[in-house]
Student: 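Have a look at this one before I ask anything.
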Amino acid sequence: MKISNILLSLILISTIFVQGCAFINLGQSTSKTENPDDFEIINDSVISGSFTTDPAYDGVASDGTLLKTLTSIPEYKDNGDKMFIYTFQEPRTSYDKLDGIACDMAEAGFTAAFTWGYEGKYKESFEKNGVYWMPHIGMTTPNSLHQDLHPDNISDNVVGFFYKDEPSFDEISELIPLAENHVTFYDDKLFYVNLNPYWEGNETNVDSFHYGYTYDEYVEEFCNKVFSVIDKNRVISVDFYPLMQDGTQRNVWLYTYETVAKYAKEFDATLMFYICSTEHYGYRRLDLANLRYMMNVGLTYGASAMSYFTYVTYSDQPFEHGLVSADGQIKYDTYYMAQTVNNECFLWDHIFMNFKWDETMCVYGKNELYENLQFNATQNSVDNIDIIKSVEASRDTLIGKFTGANNEIGLMVTNFSDPVKGGKDVVKLTLKEANKAILYTNGVRSVVDVIDGELVLEIEPGEATFVIPLEIKN
C-alpha cells in the first residue's frame, strides 16, 4: 500500500485487536459503501478525504443567500476517518520493548510518531500496532542515510521524513536539493520541516531567528522556495508554546498562528501545530483544560494535524511531567489526559476535516478585566463574519469561519480566556438565515433551534463549540 492520498488526511480505517492493542489498519480513500452513488471523494489534496454525502445538501444556496434551504437535518456519517496526531520523542528503550511502546501510543489515540530510529525493528513494531511514523533524518537524503530508508525497502508506514527543525531564513535555501531528491524518490511521502515560531521582543517583528526579516517574510520564503518543488501533500508546521508557569501567556501566539494559517490557505497546505505536553523552560504544566485550550485554538485557525512535545519525561533534561517515563514503562496522568482529548477529537474529526478555514475573528469579552494583548498583536483577524449579524461574549472569544465540502458554513467558537482564570464563556450569536444549528463540543453532537437567529453558547474554560448553521424548511 502506498500512502499517496492519505497523508495527514482523512483515511478509511478498520479496527481489529492484536495482543490486546488497538490496531488501526489504514487504507486508501475508496468507496466501501453499499451504494457507491452516495459516496464522493472531494479531491486528492492532503486536507481532503472521503465522506458520505447527505441528500439534504444536493444543490447550492440560492443567489443572494448564505445557506441552502434544507428539508431535513443533514447526517454526517463517520467512515472511520482519523486526524493525524503525533508523538514527539520515542522512549529510550531496548528493541524488545518497542512493540509495547507502539501499542501504548495507539491506545492513547496517537496515529503517528516522530522517531529518531528507523531500523527494521521500528518497521515491525509500528506496522504491527497500526502507527505511522516519521524518522528524523536531518539535512540529508533518506536513501543515503540507511538501507532501510532506500526507496525499494521503505516501510509503507513511514508517512514522511523530518528534514529540519526550525530552520533559519538562510537555511531555507538548503532545503531545495533535499526537496528535489524527495520528489524524485519519495513523492508519496511527506517532506516535513517544522518552522520557527515568532519570538516576541522586537516591535518591528524582526528577530535573530529570522535574520533581519519579518516573520511574515520568513514563512513566505519557506513557501515560495520549498513549495515550488513540493507540489502536493504540502505541510506548514510550527511549534509555539504559549502558556507559562506563572499564569501568563506569550503574547504573539495568535499572530504566529494567523501568519502560518494565511500561507497554508494560500498554498493549499495542511497546517500542523504542537501541544506543549512537558513542563520545560518555564512553560506551564499540562492539565486537561490547558490541553483542550491549546488544541482548540489550533483548530480555530484551521490546523488539521498536531504533535505533542514531548511524549516522554527526561530526568536528565528539563522536560518534566510528560506522558510516559523515559523508558516508556510508566504512564502518567498526562497520558490519560491525552487519551481523553485525542478520543474526543476522533468523535468528530471526520466532520472538521471536510471544512476549510477561511478567517478568524477576535471578540473581546464583556467581563474581562484587562486588555487582551494576544488580540492586539494580530494583523489578519477580521472584524466581522458574513453569517454573523451580531455577537456578544462574556469572555475573550475566537471565532473561526470555515467552508465545508458541501459549501456549508462552519464556525469554531472558542473560549479564549486563559483556563487559569476560570470562567464560563457565554456567547450570544445572532445568525443570518439560520433556524437550527448542529453543535459539536468535545466531540459530542447536538442539534438546537435558532429562534429569530439567536444562538446562545455556554463554553467552559479551554473548550470550544463547532457550529454548523442550518436553514430548515418548515
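Quantities reported herein were computed from a predicted structural model and do not represent experimental measurements. No hydrogens, no waters, no symmetry mates; every other heavy atom, side chains included, goes into these values.
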Student: State, yes or no, whether a side-chain contact exists between Lys401 and Ile409 at a heavy-atom distance under 4.5 Å.
Tutor: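 The answer is yes, as the side chains (C-beta and beyond) meet within the 4.5 Å cut-off.
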Student: May I ask you to decide if Pro142's main-chain N or O and His182's side chain share a donor-acceptor pair within less than 3.5 Å?
Tutor: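 It does not hold such a pair.
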Student: Hey, does the side chain of Thr310 reach the backbone of Thr278 with a donor-acceptor pair shorter than 3.5 angstrom?
Tutor: no
Student: Okay, side chain of Asp287, backbone of Ala289: is any donor-acceptor separation there less than 3.5 Å?
Tutor: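 Confirmed, Asp287 side chain pairs with Ala289 backbone.
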Student: Got a donor-acceptor contact below 3.5 angstrom from the Asp418 side chain to the Val420 backbone?
Tutor: yes
Student: Hey, could you give me the CZ/OH distance between Phe309 and Tyr274, rounded to the nearest 0.5 Å?
Tutor: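 Separation between the atoms: 8.5 Å.
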Student: Phe88 pairs by ring-ring contact (aromatic ring centres under 6.0 Å, His included) with which of Tyr308, Phe114, Tyr192?
Tutor: Phe114
Student: With a sphere of 6.0 Å drawn around NZ of Lys428, does it hold more than 12 non-hydrogen atoms of other residues, nucleotides or ligands?
Tutor: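 Open: at most 12 neighbouring heavy atoms sit under 6.0 Å from NZ of Lys428.
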Student: Would you say that Ser307 contacts Ile275 through its side chain, given a criterion of any heavy-atom pair below 4.5 Å between the two side chains?
Tutor: no
Student: Decide yes or no for Met294 and Leu286: does some side-chain heavy atom of the first lie under 4.5 Å from some side-chain heavy atom of the second?
Tutor: yes
Student: Give the C-alpha distance, both sets of side-chain angles, the deciding distance and a yes or no for salt bridge (charged side-chain N to carboxylate O under 4.0 Å, His left out) between Glu174 and Lys164.
Tutor: CA-CA 10 Å; Glu174 299 174 23; Lys164 180 64 178 175; over 6 Å; no
Student: Glu392: which residues meet the salt bridge (Lys or Arg N to Asp or Glu O under 4.0 Å) condition with it, sequence neighbours left out?
Tutor: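 With sequence neighbours excluded, Glu392 shows a salt bridge (Lys or Arg N to Asp or Glu O under 4.0 Å) to Lys366, given in chain and number order.
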Student: I'd like to know if the side chain of Ser173 pairs up with that of Lys225 as donor and acceptor (distance under 3.5 Å, no hydrogens or angles considered).
Tutor: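 Side chains of Ser173 and Lys225: pair found under 3.5 Å.
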Student: Quick one, Asp386 with Lys432, criterion salt bridge (charged side-chain N to carboxylate O under 4.0 Å, His left out). Give me CA distance, side-chain angles, the key distance, then yes/no.
Tutor: CA-CA 8 Å; Asp386 54 8; Lys432 301 175 184 176; over 6 Å; no
Student: Looking only at atom types and distance, does a side-chain atom of Tyr215 sit under 3.5 Å from a main-chain N or O of Asn196, one as donor and one as acceptor?
Tutor: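 Judged by distance alone, yes, a pair lies under 3.5 Å.
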Student: Is a side-chain donor or acceptor of His150 paired with a backbone partner of Asn143 at a separation under 3.5 angstrom?
Tutor: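 Between the backbone of Asn143 and the side chain of His150 there is no qualifying donor-acceptor contact (under 3.5 Å).
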Student: Are Glu221 and Tyr213 side-chain neighbours, meaning at least one heavy-atom pair lies under 4.5 Å?
Tutor: no
Student: Would you indicate whether the side-chain heavy atoms of Val450 and Pro469 approach each other to under 4.5 Å?
Tutor: no
Student: What is the ring orientation for Phe416 with Phe375, classed by angle as parallel under 30°, tilted 30 to 60°, or perpendicular over 60°?
Tutor: parallel
Student: Step by step, work out the side-chain hydrogen bond (donor to acceptor under 3.5 Å, both in side chains) result for Thr248 and Asp246.
Tutor: CA-CA 6 Å; Thr248 63; Asp246 62 3; 2.6 Å; yes
Student: Among Tyr122, Tyr311, Trp133, whose side-chain hydrogen bond (donor to acceptor under 3.5 Å, both in side chains) with Glu90 holds?
Tutor: Tyr122
Student: Going by atom types alone, do Ser237 and Asn194 pair a side-chain donor with an acceptor below 3.5 Å?
Tutor: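 Ser237 vs Asn194: donor-acceptor pair found between side chains.
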Student: Hey, which of Val193, Asp239, Leu195 is the one that makes side-chain contact (heavy atoms from CB on, under 4.5 Å) with Glu166?
Tutor: Asp239
Student: Are any side-chain N or O atoms of Gln374 and backbone N or O atoms of Arg250, one a donor and one an acceptor, separated by less than 3.5 Å?
Tutor: yes
Student: From the options Trp357, Tyr440, Tyr76, Trp348, select the one residue that forms a ring-ring contact (aromatic ring centres under 6.0 Å, His included) with Phe466.
Tutor: Trp348
Student: Is it the case that the side chain of Glu368 and the backbone of Asp396 share a donor-acceptor pair, with hydrogens and angles ignored and the cut-off at 3.5 Å?
Tutor: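 Looks like yes, one N/O pair under 3.5 Å.
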Student: Could you check if a side-chain atom of Tyr364 sits within less than 4.5 angstrom of a side-chain atom of Asn372, using non-hydrogen atoms only?
Tutor: yes
Student: Would you mind telling me which of Leu178, Leu175, Ile176, Asn181 makes a side-chain contact (heavy atoms from CB on, under 4.5 Å) with Val229?
Tutor: Ile176
Student: Show, in sequence, the C-alpha distance, side-chain angles and deciding distance for Arg292 and Glu463, and conclude whether the salt bridge (charged side-chain N to carboxylate O under 4.0 Å, His left out) test is met.
Tutor: CA-CA 6 Å; Arg292 286 193 176 119; Glu463 297 187 3; 3.6 Å; yes
Student: Could you walk me through whether Phe240 and Phe273 satisfy the ring-ring contact (aromatic ring centres under 6.0 Å, His included) test, starting with their C-alpha distance in whole Å, then the side-chain angles of each, then the deciding distance to 0.1 Å, before giving a yes or no?
Tutor: CA-CA 8 Å; Phe240 189 101; Phe273 69 102; over 10 Å; no
Student: Could I get the full list of ring-ring contact (aromatic ring centres under 6.0 Å, His included) partners for Tyr186, not counting sequence neighbours?
Tutor: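 Tyr186 satisfies ring-ring contact (aromatic ring centres under 6.0 Å, His included) with Phe161 once adjacent residues are dropped.
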Student: Do we see a donor-acceptor contact under 3.5 Å between the side chains of Thr214 and Asp216?
Tutor: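 No.
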Student: For the backbone of Gly462 and the side chain of Asn296, can you confirm whether one donor and one acceptor N or O come within less than 3.5 Å of each other?
Tutor: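 Pair found, side chain donor or acceptor close to backbone of Gly462.
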Student: Counting only N and O atoms by type, is there a donor-acceptor contact under 3.5 Å from the side chain of Asn354 to the main-chain atoms of His350?
Tutor: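 Yes; judged by distance alone, with no hydrogens or angles, the pair exists.
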Student: Side chains of Lys123 and Asp148, heavy atoms from C-beta outward: is any pair under 4.5 Å?
Tutor: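 They are not in side-chain contact.
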Student: Is it the case that Ser381 and Glu258 place a side-chain donor and acceptor less than 3.5 Å from each other?
Tutor: no
